[in-house]
Amino acid sequence: GRVTSSDDGSPLPGVTIQVKGGNRGTNTDAQGNYRISAPSNAQLVFSFIGYTTQEVAVNNRSTLNVALAGDSQQLNEIVVIGYGTQTKRDATGSIGSVKGSAIANMPIQSFEAGLAGRTAGVQITVPNGVLNNPPVFRIRGTNSISLSSQPLIVVDGVPTFTGDYSSTSAPANPLASINPNDIESMDVAKDAAATAIYGSRAANGVVFITTKRGKAGALKVNYDGWVGFSNAYRLPEMLNAQEYISFKSQAVANNPTASAIKYTQTNDANGKPIDTRWYDQVYRQGVSHNHNINLSGGSEKTNYYFSLGYSNQEGILKKNDFQRINTLFNVDSKLSKLFTIGGKISYSNEQNLAATSSGSLYGEAFNTGGLGRLAVVLPPILAPYNNDGSYNTNGPAIGSANNISGISTLSYYNPVVSLENNRSNSESNHIQSNAYLQFKPLDWITLRSSYGIDYLFVNNDIFWSPKGGDGFSYNGYGSAINGNYKTWVWTNTAQFDKTFAGSHNLSLLVGQEQQRRTSRAFGINRQGLSDAAYTQIQAGWVTNNPTGMSYGENYLLSGFGRLNYNFKERYFLSANIRQDEYSALGQKKGTFWGASAGWEITQEGFWKAARLDNVFSSFKIRGSYGKVGNIGGIGDYTPYSTYASGLYGGASTLYFSNAGNPNLTWETSTKTDVGFNFGLFNDRITGEVAYYKNDINNLILYVAQAPSAGLPTNPPQNIGTMYNKGLEFSVNARVINGRNFQWNSNFNITFNKNEVTSLAPGLNVLQTTIGGSTGLETVNQTAPGYSLGQLFVVRTNGVDPATGKRIFVNSAGQNVYYQYYAPTGQFNYSTTPDGTTRYVSPTGGTSITQAADGVMYANVLPKQYGGWDNTFKYKNFDLSVLMTYQLGFYVYYGTNAGLHDQRWWNNHRDVLTDAWAKEGDTGKKYAKPVYGDNVSNGSSMPLDINVFRGDFLRLRSVSLGYTLPASLTSKARISNLRVYVSGQNLGLVTKYPGPDPEVSSNGANSNNSTSSQGVDRNTIGNARTITVGLRAGF
Amino acid sequence: CNRDLLSPIPQDSVADVSAFSTVSRIQTQLLSLYGGTGGLKDGNVYGGRYVIYGDIRGEDFINETSNLVTGSDVWALNPTNSATAVSTLWNSAYLAINKCNIFLDGMAAGGTAVVGADLGNQYIAEAKLIRGLLYYSLLQYYARPYPDGNGNKPGLPLRLTGIKGAGQSNLARSTVAEVYAQVLKDLNEAEAGLPSTYTAAADRVTRAHKNTAIALKTRVYLSMQNYAAVVTEANKIVSAAAPFTSASGVAHALQPDITTVFTTYTTSESIFSMPMTTTSGDFPGTQNQLGYYYSPTSANGGVGNGEYSLNPNGIVSNPSWTATDKRRSFLKQSGTTTVKNWLNKYKTISPYTDYVPVIRYSEVLLNLAEAKVRSGNTVDAQSVALLNAVRNRSDAATTYTAANFATPTDLINAILLERRIEFMGEGLRNNDLMRLLQTIPAKGTAQAKTPSDNGYIWPIAAQELALNRLMTDN
């Protein structure tokens, strides 16, 4: 007989043919032919990797030709649905699945950084190029304002920690403890039906991480290793020393009050003119390497998986490193016919290292020591060292040496001092473990009890040298904070699976769960070094104060159930319900539910009669509806009004410190989902289309009260409303499925619309400052009728060709001309270009302000996003190309304001061509340079000129591999050996002028940053990384 | 399952329900009305900024740093509704007022029963004194002075019950007279309930006693131009003739050397001061410290940031302030070509633990001196003696006699001048200008403000206007 591929009829070599129940077997030859002797009533089993195994009865035939179908069809895949699994074919909820292998060898710290573009509805934004900062993870839009919008992450049944658990400038994402190499699958539950089993925590979606387990068979050993090289890219081009002096001197000449300022280029110790490229002082090529080894195997009764991982990654910023040592052990054992026992233990140690602030994390955007900012702001005529080799400093700041005169202090730090002397590290020790006992008294009843822990211990270590920068004014500063975060979860479930009358398939789950979390943190802050050589917190210091104190506990008590029913795999019904009681709520008890229905039309007679089954191998219409909640990020004691302790002249005091709300409850998310899944041409093409709407009610807002009410905090109220709605489309096709060449393509797109429909009565807008930088810059404003965190900026109308003045547009739409230096008789703001007519606003103001003249300008949430993933195989070569994109959104490029600021700061080279220089210069982007001008180009208030479309298409990942022929490797007792080279972020198609439109100065900080996306303020972009690696199986 | 875990008891704070459950909690709560975050001692109130604003609004200081955060707009008399100073003082003072109200409510609802009637009455009196002082203090910046229409102008939202939750934002302004009436009611009731003195010497300065209430009333009545009442109150604690001391309660008296008052903070001259220690939370906090504002930088021999120097055309250059006056030792000079004078009354290093004076006995003496002249409209002999008491101890060379003053006005002016010298850096200048409806003189680049000018008093905080629907601006 002959075995061919059902897709294109090409012969399949190497297919295993076995007689069922016997020992005899053979393989097809290069032409797909085989010969086997078997009894005339035998069953032959045809199996081949990548294809669905078929059993065919011989039935006295002497020639048996078989066409095998590829099994990359998603519909038979198992998906995790919470407290159980289901085949994708039977699932009626909306679930996206990604195999662990897709991200296993990417140069990332945590798995979710690799999820971008891989499944519909999932939006990942990596906020900056600092290692191990948590990506902004959104499923079907941003679903909260004050609480977390990050999905619930459940690792092997135990919900884990998300966010940044570091108190230093080196972020610590606890998800980095899960080695991507150990992940079997990632299933993303999106709609109410799929998430409701997680009740009050389901509103942002649920992600199920399943780690690898052993399979019966001989011991398998795998080694994975790679070496990577990371670089910064698309950095703004800055003025060199010559250009700086001539351009900035012109600005000084244009401002008579600044005539004392002189810029001079001097020679360095080697006699060469100083022309410092500050990028070279701050950035580097990061060299990383990563090694994993795992052992797995098992018998009929027991299987095991054991792995060790080591990762040492260097970021593009100097001294920013990530090191992880981790181990995982999974074991399952059938004790008897009735009992199964198993469990896992994993331990990970992560070192998150940084010298000082990158300026990129939440709260760091305006740090005077932020490395990303210093690299662009510092003048090229200054050097990091004086000619005698000492640091060029003036107090905490960089010194002006003999190069800048007339300015007393330059206020920004010398980054080299901080890089060489400071540290801001955090170390995590993370233990995730669970054990279960399963009892199957009858073949349709499964009782299971499992107990899991997730313990995270974080040590923070900050040292600021007194030599300059942050530590100068303290004469040295140290801080050490120790945080312990512990979760335990005990889950008991009973599962009943039974088929009645041969066609009614029923599956019932009931369960009960408790989850307990505690957190403890304490620390010491020490100032004033006793000896200049000291660098440790334990050394001698002058001043000691407590820092980082926190104490928390919460408890979640739940009961849940799920009923799945299908009739002949044709009609599907599913219902989920969960009751949660949560300690951190005022109204603690809530019931959440989701229901769904599906109809597999291809099973219907009329479908077959219409011969549609020739085309459609499956077509399932499904829909779901339900109500779930969000409690992510609620403080443990939020509903309480509490009194805290203070001091009065050394005596203890107790004061009203927190205004609670005893009626506080979860945010409610009502989710509707309608869609269909289809398979075409024997599932060669599969796809999914879904419409969703998520109505969010009872949004918790910390509603400001009149200050004269005298409340210490804004009490939380369940008051706002918002929705996300959209369409998801994904298609997976085995485009070419030949013998030597295969091309698999997966495309997905999500259209999302977000709108805030109401805030609190009397609360018209919510403003979010950049990274919590109180008072420094506010550019996101949330208001009913707009999407979350709309950019709120002042409009401009170009630069006046005659005078070079910036033209602002006031609230009434009038042009207002601005000059930083106003000669006698003229005004800073005037309604005429000559500056003689003073501008007076309708409310009497004489200047343009953001409060009076800002407009709701542009949305920051993408309207479309998704990815296109292609894998090609040619003989032993494989190539995968993943592109991701986000469209229809804007980014506030705040850094650009600084790049064109007319204080002594260095400028982008485009000022040489794009700044107004002489009368008649038309269409210039930037105003006439006048020393000190921080208004015209956007430093003092956000302007529309610094808002850009963020649309991008990114060549996120390309990987080219070669698998050595088995004939070669088997001699070395290697069962398979693949070598590869891959690149991350190789290409970026965007009109965005900054380094990277996919950044967020506000990171993924769970509170208050959901409404402050789309801001690029002094943030460092993502790295471009090339890796070379190999994978060997023994 | 353990259902108790669903209702956790906070371990690092005390839940509302049990805040008045023990004697100790009530005592510590009472102390919080004085001190720490959101109390009278808050860095935005009497811990620093309230006092600072009182001086820099006047004519004797020059702003050096043009920093809005350190009150350059307050100094220039043009802060906006959203100015840091305008909003933080308003917020912090009302935070403290609400804490007083919550405390008074809690005492009425059972707190007194926990501590017993005696202590209960004393604590209630202390809370009322603090509330009265806060309302009086707010009036000095946010409302027209009492003499402008005898208090018929808009005053403050008068909040007298504790607020712990949302929904009570709206409250209209009472008139200035109504607020003053409440201030006096609080101080009178405080006087009745307060102890005469405390066992611990420190408590006599840092906690309210009968004389504290009386002393504050002399200040309040002076602001209302009710001079007869000033005399009545002051006579309770000022002896008829020199050396002036208080016969009842704490034995207040002037220190022989004024510099002692600013190094030994608990002398009998300090009637009420805000204590400080080096523990975090127990000092004024960043950019709130008197020393940080007035003391020059270390380069100029000080401990501060040199935010404000002394106006070379202000009181410093007044010839009647003689060179040998001990109070000139509070000045520090810097520079050779450009000479600047700085106030170095507050000398402790960061975190700046100088006690901040709220009221001193010398103020009571000068309040009485001025009130007596004004109420009698004569060159009152006791007034001259009181003025001399304050002047002589620092300036032995100058002794006034009645003959020095041709008219009562001359004596009044001498007293007012003495106040500028004696209380420089203690926050009284603004209040003195306001109560007399005087023009705030020009200084440096800042223009003068007549009582009818915009900027004579502060605007109302923008957030209050936005969130309290019944609030009106000045």
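Order of the sequence lines fixes the chain letters, A, B, ..., with proteins taken first and strands second; residue numbering starts at 1 for each chain.
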Inset, instruction - Could you have a look at Gln463(B), Lys164(B), Lys99(B), Lys41(B) and say which one has the most heavy-atom pairs with chain A under 4.5 angstrom? - result: Lys164(B)

Legend entry - Proximal component of Thr277(B), with respect to chain A [non-hydrogen, under 4.5 Å]: side chain

Inset, instruction - For residues Trp666(A) and Tyr582(A), establish whether the separation of their ring centroids is below 6.0 Å. - result: no

Legend entry - Max heavy-atom pair count under 4.5 Å with chain A, selected residue of Ser280(B), Pro351(B), Gly165(B): Ser280(B)

Inset, instruction - Kindly indicate whether the side chain of Met941(A), heavy atoms from C-beta on, has any atom under 4.5 Å from the side chain of Asp853(A). - result: no

Inset, instruction - Sort Arg159(B) into side chain, backbone, both or neither according to what part of it lies under 4.5 angstrom from a heavy atom of chain A. - result: side chain

Inset, instruction - Counting only heavy atoms closer than 4.5 Å, note whether Thr88(B) contacts chain A via side chain, backbone, both or neither. - result: neither

Legend entry - Side chain proximity check, Gln514(A) to Trp488(A), heavy atoms < 4.5 angstrom: yes

Legend entry - side-chain hydrogen bond (donor to acceptor under 3.5 Å, both in side chains) assessment of Thr491(A) paired with Glu513(A): CA-CA 4 Å; Thr491(A) 313; Glu513(A) 185 174 78; 2.8 Å; yes

Inset, instruction - Side-chain contact test, heavy atoms from C-beta onward, threshold under 4.5 Å: evaluate it for Ile26(B) versus Phe103(B) and give yes or no. - result: yes

Inset, instruction - Verify the distance criterion only: is there a donor paired with an acceptor across the side chains of Glu126(B) and Tyr34(B) at less than 3.5 Å? - result: yes

Inset, instruction - Pick one of side chain, backbone, both or neither for Ala461(B), based on which atoms fall under 4.5 Å of a heavy atom in chain A. - result: neither

Legend entry - Heavy-atom contact with chain B under 4.5 Å, split by part of Asn545(A): side chain

Legend entry - Contacts with chain A made by residues 465-474 of chain B (heavy-atom distance under 4.5 Å), listed by residue number: Leu467(B), Asn468(B), Arg469(B)

Legend entry - Side chain, backbone, both or neither of Tyr551(A) within contact of chain B (heavy atoms, under 4.5 Å): both

Inset, instruction - Identify the heavy atoms of Thr348(B) and Thr353(B) that sit nearest to each other, and give their distance. - result: OG1-N, 2.8 Å

Inset, instruction - Mind ranking Asn525(A), Leu647(A), Asp636(A), Asn714(A) by heavy-atom pairs under 4.5 Å with chain B and telling me who comes out on top? - result: Leu647(A)

Legend entry - Side chains of Thr161(B) and Asn101(B), donor plus acceptor under 3.5 Å: no

Legend entry - Euclidean distance, Thr653(A) OG1 relative to Leu31(B) CG, rounded to 0.5 Å: 7.0 Å

Legend entry - Toward chain A: residues of residues 12-19 of chain B with heavy atoms under 4.5 Å: Asp12(B), Ser13(B), Val14(B), Ala15(B), Asp16(B), Ala19(B)

Legend entry - Option passing side chain to side chain contact (heavy atoms under 4.5 Å, CB included) with Pro716(A) (candidates Val703(A), Thr638(A), Asn663(A)): Thr638(A)

Inset, instruction - Determine whether Tyr123(B) and Gln29(B) make a side-chain contact, defined as any pair of heavy atoms from C-beta on separated by less than 4.5 Å. - result: no

Legend entry - Residues, nucleotides or ligands: over 12 heavy atoms within 6.0 Å of Asn454(B) CG: no

Inset, instruction - Return the orientation label for the Trp458(B) and Tyr141(B) ring planes: parallel under 30°, perpendicular over 60°, tilted otherwise. - result: parallel

Inset, instruction - Answer yes or no: is there a side-chain heavy-atom contact under 4.5 Å between Asn81(B) and Val86(B)? - result: no

Inset, instruction - Mind checking the CG-OH spacing from Asp354(B) to Tyr292(B)? Nearest 0.5 Å is all I need. - result: 15.5 Å

Legend entry - Contacts with chain B made by residues 705-713 of chain A (heavy-atom distance under 4.5 Å), listed by residue number: Gln705(A), Ala706(A), Pro707(A), Ser708(A), Ala709(A), Gly710(A), Leu711(A), Pro712(A)

Legend entry - Ile102(B), part contacting chain A, at a heavy-atom distance under 4.5 Å: side chain

Inset, instruction - Under 4.5 Å, counting heavy-atom pairs only, tell me which of Ser652(A), Ala651(A), Ser550(A), Gly646(A) racks up the most with chain B. - result: Ser652(A)

Legend entry - Test item: Thr206(B) and Tyr198(B) side chains (from C-beta on) under 4.5 Å apart, heavy atoms: no

Legend entry - Heavy-atom pair count under 4.5 Å with chain A, highest-scoring of Met276(B), Arg25(B), Gln168(B): Arg25(B)

Legend entry - Most contacts with chain B, counted as non-hydrogen pairs under 4.5 angstrom, among Gln512(A), Arg516(A), Gln717(A): Arg516(A)

Inset, instruction - Quick one: which residue pairs count as a salt bridge (Lys or Arg N to Asp or Glu O under 4.0 Å) with a foot in residues 649-665 of chain A, not counting sequence neighbours? - result: none

Legend entry - Nearest non-hydrogen partners of Glu464(B) and Pro157(B), listed with the distance: OE2-CG, 4.4 Å

Inset, instruction - Find out whether Ile700(A) and Leu664(A) are in side-chain contact, i.e. whether some heavy atom of one side chain is under 4.5 Å from a heavy atom of the other. - result: yes

Legend entry - Side chain to side chain, Ser847(A) and Asn828(A), heavy atoms closer than 4.5 Å: no

Inset, instruction - Go through the atoms of Ile9(B) and report whether side chain, backbone, both or neither lie under 4.5 Å from a heavy atom of chain A. - result: backbone

